[in-house]
Amino acid sequence: MSDSAINQKVSTILGMVPEGHVVSYGLLADLCGLPGRARLMGKCLTTISAHIAWHRVVRSDGKIAFPPGSDKANEQREKLVLEGVVVKNFKVSMKHYLWQPDLYTVLAKLPY
DNA sequence: CACGTGACATACC
DNA sequence: GGGTATGCCACGT
């Protein structure tokens, strides 16, 4: 699978994550058909972070992936809070996670 | 080719 | 809860 193909899927999927919700890197990888390759997602986001909802991606434990207090971390926290996401100490509450049933809904809309 | 590193995850203790 | 260990994959050195 080419890089651009992955970028395509990531963009598509992130476009379907509703406001006020977040997904983990691992889940995102799963949805891309790349189970176990969460680290690849971070790599991917560095190239397409410009015009998509990259801020809705957090780690599986809820923490923002950037160093707490860094500019990027602050920016992400800001965007999430504006959407109504509860962020405490750079960690989002679990209730905002897109969970399994939601994923099936998302998958049903994907072109593959 | 061998390591180290990184927007990660899981399983333990 | 935190800390360590291991698995994971792409990249640079």
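Lettering follows sequence order; numbering is per chain, from 1.
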Name every residue in residues 71-91 of chain A that has at least one heavy atom under 4.0 Å from any atom of DNA chain B, in order of residue number, or write none if there are no such residues.
none
CD-CG distance between A:Glu19 and A:Leu82, expressed to the nearest 0.5 angstrom
9.5 Å
A:Lys43 NZ to B:dT5 P, in whole Å, measures 17 Å
Could you check how far CD1 of A:Ile6 sits from C1' of C:dC8, rounded to whole Å?
14 Å
Nucleotide of C:dC11, B:dA7, C:dC9 approaching A:Trp54 most closely (side-chain heavy atoms):
B:dA7
Atom CG of A:Asn7 and atom C1' of C:dA10 are separated, to the nearest Å, by 14 Å
Ignoring hydrogens and angles, write down the donor-acceptor pairs under 3.5 Å from the side chains of residues 52-68 of chain A, residues two or more places apart or on other chains.
{"residue": "A:Trp54", "atom": "NE1", "partner": "A:Ser49", "partner atom": "O", "Å": "3.3"}
{"residue": "A:His55", "atom": "NE2", "partner": "A:Glu83", "partner atom": "OE2", "Å": "2.8"}
{"residue": "A:Arg56", "atom": "NE", "partner": "A:Glu83", "partner atom": "OE1", "Å": "3.1"}
{"residue": "A:Arg56", "atom": "NE", "partner": "A:Glu83", "partner atom": "OE2", "Å": "3.0"}
{"residue": "A:Arg56", "atom": "NH1", "partner": "A:Val17", "partner atom": "O", "Å": "2.8"}
{"residue": "A:Arg56", "atom": "NH2", "partner": "A:Glu83", "partner atom": "OE2", "Å": "2.8"}
{"residue": "A:Asp61", "atom": "OD1", "partner": "A:Lys63", "partner atom": "N", "Å": "3.0"}

Rounded to whole angstrom, note down the P distance from B:dA7 over to C:dG7.
22 Å
dist A:Leu80:CG -> A:His21:NE2 (nearest 0.5 Å) comes out at 12.0 Å
What residues, two or more places apart in sequence or in another chain, satisfy side-chain hydrogen bond (donor to acceptor under 3.5 Å, both in side chains) together with A:Arg77?
A:Asn74
Mind calculating the distance between CE (A:Met41) and C1' (B:dA7) to the nearest angstrom?
11 Å
In 5'-to-3' order, the base (B), backbone-only (S) or no-contact (-) status of each nucleotide in nucleotides 8-13 of chain B, using a 4.0 angstrom heavy-atom cut-off, is BSS---
Rounded at 0.5 Å granularity, tell me how far CD1 in A:Ile6 sits from CG in A:Leu28.
10.5 Å
Would you say A:Val92 and A:Val86 make side-chain contact, with heavy atoms under 4.5 Å?
no
For residues 41-48 of chain A, please give each side-chain donor-acceptor pair under 3.5 Å, one per line with the distance, not counting sequence neighbours.
{"residue": "A:Thr46", "atom": "OG1", "partner": "A:Lys43", "partner atom": "O", "Å": "2.5"}
{"residue": "A:Thr47", "atom": "OG1", "partner": "A:Asn7", "partner atom": "ND2", "Å": "3.2"}
{"residue": "A:Thr47", "atom": "OG1", "partner": "A:Cys44", "partner atom": "O", "Å": "2.8"}

From CG of A:Leu45 over to C1' of C:dA10, roughly how many Å is that when rounded to an integer?
15 Å
Can you name the residues that form a salt bridge (Lys or Arg N to Asp or Glu O under 4.0 Å) with A:Glu75, not counting sequence neighbours?
A:Lys72
